[in-house]
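These notes concern the structure reproduced below.
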Amino acid sequence: MMESALVSRSVGSSSFAAAPRGSLPPGPLRVATLTGVRARARPLRAVPSKDSILEALAQDDMLNAAELVQWENGKSVNSIAASQGIRIRRHCRPTASLKEVEEELGAPRNILEKIIWDKEIEVAEGLAKNPLKEVMEAAAKAPPTRDFYGALQAAFKRNGLPALIAEVKKASPSRGVLRENFNPVEIAKAYEKNGAACLSILTDEKYFQGSFENLEKVRTSGVKCPLLCKEFVIDKWQIYNARSKGADAILLIAAVLTDLDIKYFLRICKELGMTALIEVHDEREMERVLNINGVKLIGINNRSLETFVVDTANTKMLLEKHGDSIREKGILVVGESGLFTPDDVAYVQNAGVSAVLVGESLVKQEDPGRAIAGLFGKELLH
Ligand SMILES: O=P(O)(O)OC[C@@H](O)[C@@H](O)c1c[nH]c2ccccc12
């Protein structure tokens, strides 16, 4: 019962693409939700009536009263997001061209918003090609997950240094192409051999030149490290898709997702045995995320995805303010981006992180595996 309620709710905010072409204008969440439910070609169960959806939502402890009221009042996705301090808007027009979107909303305000607008269209196309039900079945058949959180914890204990999540990253919008001759499997193996606890595989194609093919290739290459799918997740379809390609963990970006989206996606991750790395950049996001039950892993991004400014002091500042409550909850913190030297690593370690996520400074070196010892000032133990 709850599942159908959640599925239906998600249609409103993010799985809009399940609806037929042009049937979901941007508009009140409630209208979109119910339209979406009816439009679903093969619902998992009988299509619930509006009353039964409301009843299920009311009983679901995942939703608080305010959220239920917002949903009932038919507020738009963007106004719910804005009320949580989220600056990234959704266009909710998966079949429109970006030009049409811009005619309506103006130019994207920043690169992250642009990425998300593209992603909405990309996900709709993905859904049209591989319907949710099929992707869910593929995810159910995938080999079991590896313990991403456990691998980080163990490596931190073993080395007395932050556990390394080494990133397989060809390019980025802020730095351009980082490595010309890019062989994801070779890089992944070199990282593993040199003590990385986990790997992060970028799957966004348009801005990072990554791919799900890279994720699959690394997973089937014999690499044992748990894998993070580094994506801009806005829809549960992407999580099932990532699992079906072998991901053990997924990134959820608080600057993009409402609290309810994060809660819902966390629940899906739990069902799939995946770890969610919840990324925050500022204090408001940190506070939001700390109020969500079930969060085990928080990444503090030193880079603003809106301005590209990198500042490792961000990790320190956020942990000075929130370290106590993070420790109380047993949450593990990952320091993300802009780490180049043993001093950088020591700085975020002193600030309180147990793991670091590093791409550029490794992938740019001729030998990305050996670059690990350079980054930490010593070899990491397996
Ligand atoms: O290459 P760097 O500066 O070491 O950063 C790695 C990683 O933190 C960065 O790629 C990243 C962090 N959060 C993201 C969200 C989307 C895309 C990329 C990212």
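For the numbers below, each heavy atom of this structure counts, side chains included, while hydrogens, waters and symmetry mates do not. Just so you know, ligand 1 is whichever comes first in the structure, and atom 1 is the first atom listed for that ligand.
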For [atom], the protein heavy atom that lies nearest, with its residue and separation:
{"atom": "atom 4 (O) of ligand 1", "answer": "G359 N, 2.7 Å"}
{"atom": "atom 13 (N) of ligand 1", "answer": "E279 OE1, 2.7 Å"}
{"atom": "atom 17 (C) of ligand 1", "answer": "F208 CZ, 3.5 Å"}
{"atom": "atom 8 (O) of ligand 1", "answer": "S337 OG, 2.7 Å"}
{"atom": "atom 18 (C) of ligand 1", "answer": "K230 NZ, 3.4 Å"}

Notebook entry, point to check: Do ligand 1 and G338 have nitrogen or oxygen atoms that lie under 3.5 Å from each other?
Noted result: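 Yes, at least one N or O pair falls under 3.5 Å.
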Check: Do ligand 1 and L339 have nitrogen or oxygen atoms that lie under 3.5 Å from each other?
Finding: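 Among all N and O atoms of L339, none is under 3.5 Å from an N or O of ligand 1.
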Check: For S361, is the nearest heavy atom under 4.0 Å from an atom of ligand 1?
Finding: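 Distance cut 4.0 Å: S361 fails for ligand 1.
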Short side-chain donor-acceptor distance under 3.5 Å, [Y] and [X]:
{"X": "H91", "Y": "E102", "result": "no"}
{"X": "T312", "Y": "N302", "result": "no"}
{"X": "T258", "Y": "Q84", "result": "no"}

Would the number of heavy atoms belonging to other residues, nucleotides or ligands and lying under 6.0 Å from [atom1] of [X] be above 12?
{"X": "R158", "atom1": "CZ", "result": "yes"}
{"X": "K170", "atom1": "NZ", "result": "yes"}
{"X": "E137", "atom1": "CD", "result": "yes"}

Check: Just wondering, do I326 and L319 contact through their side chains at under 4.5 Å, heavy atoms?
Finding: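 Sidechains of I326 and L319: in contact.
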Item checked: Location of contacts on L251 toward ligand 1, heavy atoms closer than 4.0 Å ->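 Only the side chain of L251 comes within reach of ligand 1.
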Check: Does R303 approach ligand 1 within less than 4.0 angstrom via side chain, backbone, both or neither, non-hydrogen atoms only?
Finding: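 For R303, only side-chain atoms sit under 4.0 Å from ligand 1.
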Notebook entry, point to check: Hey, which of K169, Q365, R179, R175 is the one that makes side-chain hydrogen bond (donor to acceptor under 3.5 Å, both in side chains) with E360?
Noted result: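 Among the candidates, only R175 passes.
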Check: Atoms of ligand 1 less than 4.0 Å from F232 heavy atoms?
Finding: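 Here the atoms of ligand 1 in question are 16 (C), 17 (C).
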Checklist line | Proximal ligand 1 atoms for V358, defined as those under 4.0 Å from one of its heavy atoms | finding: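 Reading through ligand 1 atom by atom, the close ones are 4 (O).
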Check: Heavy-atom distance to atom 7 (C) of ligand 1: which of E231, E167, E336, E360 wins?
Finding: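 Minimum heavy-atom distance to atom 7 (C) of ligand 1 goes to E167.
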Check: Hey, are K119 and E122 close enough for a salt bridge, meaning a charged N less than 4.0 Å from a carboxylate O?
Finding: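 A salt bridge is present here (some side-chain N lies under 4.0 Å from a carboxylate O).
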